[in-house]
Amino acid sequence: MITIKSHREIELMRMAGKIVSDTFKEIAKYLKPGITTNEINEIADQYIRSQGAIPSFLNYEGYPKSVCVSVNDEVVHGIPGSRILRDGDIVSLDMGTIYKGYQGDSAKTFAVGQISPEAQKLIDVTRQCFYEGIKFAKPGYRLHDISYAIQKYAEDHGYSVVRELTGHGIGTEMHEDPSIPNYGKPGTGVRLQKGMTLAIEPMIVMGRRNIRVLDDDWTVVTEDGSLAAHYEHTIAITDTEPQILTL
Ligand code: MF3
Ligand code: CO
């Protein structure tokens, strides 16, 4: 069941989302070669709590940390630890907060030091996939119009879309209906309505789309070892243009 949020609920989600966005800015100050993924987790956890919010990932289905930190061929759900980030790495940070019972969820891929033009292009195209998708995030369109726009932009650039993982509705729970694939058939799926709040999150890889999960039972990597990027915002459908709540 897809719940429709009131104006008040959307404003609380925007506050949760602002804390996520500010946390990215805080981490960005320290994101340099030599930092460990655990240090990133600590910065995020402390900053989120300093803002009166709760990190939503911690203990979610047993997830042990407050942020997902996924490096290079890791697509999502990398667990922070002693790994040291090196010049030329790309790192996807995914995090969520709960503020007064409402959720915000966002992810971005960052460059560590100087990265290759190929890696930068993957990051840029993945981000643009999100913006291509939300062109259709309004009444009059259907859910998979968003999905198809993401897929088309990624594949037109020679990349692949990970299919096993999707975006999702969000509100008082991190994962609500509907599931939002990053591929699909235009003109299908539920009709979009004002008050729906969605986390749209293209996960795009340079090589083949196949993935596997590491022995830690969380970290998702590309089977062929190719680089992966992630870009996610929580948005609200309105009568007109969608609003991005995680800014
Ligand atoms: N942010 C992920 C999503 O967008 C969820 C992270 S799973 C967790 O769906 F276990 F790490 F919380
Ligand atoms: Co999400």
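Counting convention: from 1, in listed order, for ligands and their atoms alike.
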Between the side chains of [X] and [Y], is a donor N or O closer than 3.5 angstrom to an acceptor N or O?
X: S92; Y: S70; result: no
X: T97; Y: S56; result: no
X: T188; Y: H144; result: yes
X: T36; Y: N38; result: no
X: H230; Y: E201; result: yes
X: H168; Y: D105; result: yes
X: Q128; Y: D124; result: no

message = Is there a polar contact between ligand 1 and H168, counting only N or O atoms under 3.5 Å apart?
response = yes
Any idea which atoms of ligand 1 are less than 4.0 Å away from a heavy-atom of [X]?
X: M174; value: 12 (F)
X: W218; value: 10 (F)
X: H175; value: 3 (C), 5 (C), 9 (O)
X: D105; value: 1 (N), 3 (C), 4 (O)
X: E232; value: 4 (O)

Answer yes or no for [X]: is there a heavy-atom contact with ligand 1 below 4.0 Å?
X: G96; value: no
X: M95; value: no
X: E61; value: no

Among all protein heavy atoms in this structure, tell me which lies nearest to [atom], with the distance rounded to 0.1 Å.
atom: atom 7 (S) of ligand 1; result: H77 NE2, 3.9 Å
atom: atom 11 (F) of ligand 1; result: C68 SG, 3.2 Å
atom: atom 4 (O) of ligand 1; result: E201 OE2, 2.6 Å
atom: atom 2 (C) of ligand 1; result: D94 OD2, 3.3 Å

task = Work out the angle at the Co ion (ligand 2) between OE2 of E201 and NE2 of H168, rounded to 10°.
result = 90°
query = Can you give the angle E232 OE2 - the Co ion (ligand 2) - D105 OD2, rounded to 10°?
reply = 90°
ask   = Is there a donor-acceptor pair closer than 3.5 Å between any side-chain N or O of S106 and the backbone N or O of H233?
value = no
query = Any chance CZ of F57 has more than 12 other-residue heavy atoms, nucleotides or ligands included, within less than 6.0 Å?
reply = yes
inquiry  = Restricting to non-hydrogen atoms, name the atom on T197 and the atom on I170 that form the minimum distance, rounded to 0.1 Å.
reply    = OG1-O, 2.6 Å
ask   = For ligand 1, which part of Y63 has a heavy atom less than 4.0 Å away: the side chain, the backbone, both, or neither?
value = side chain
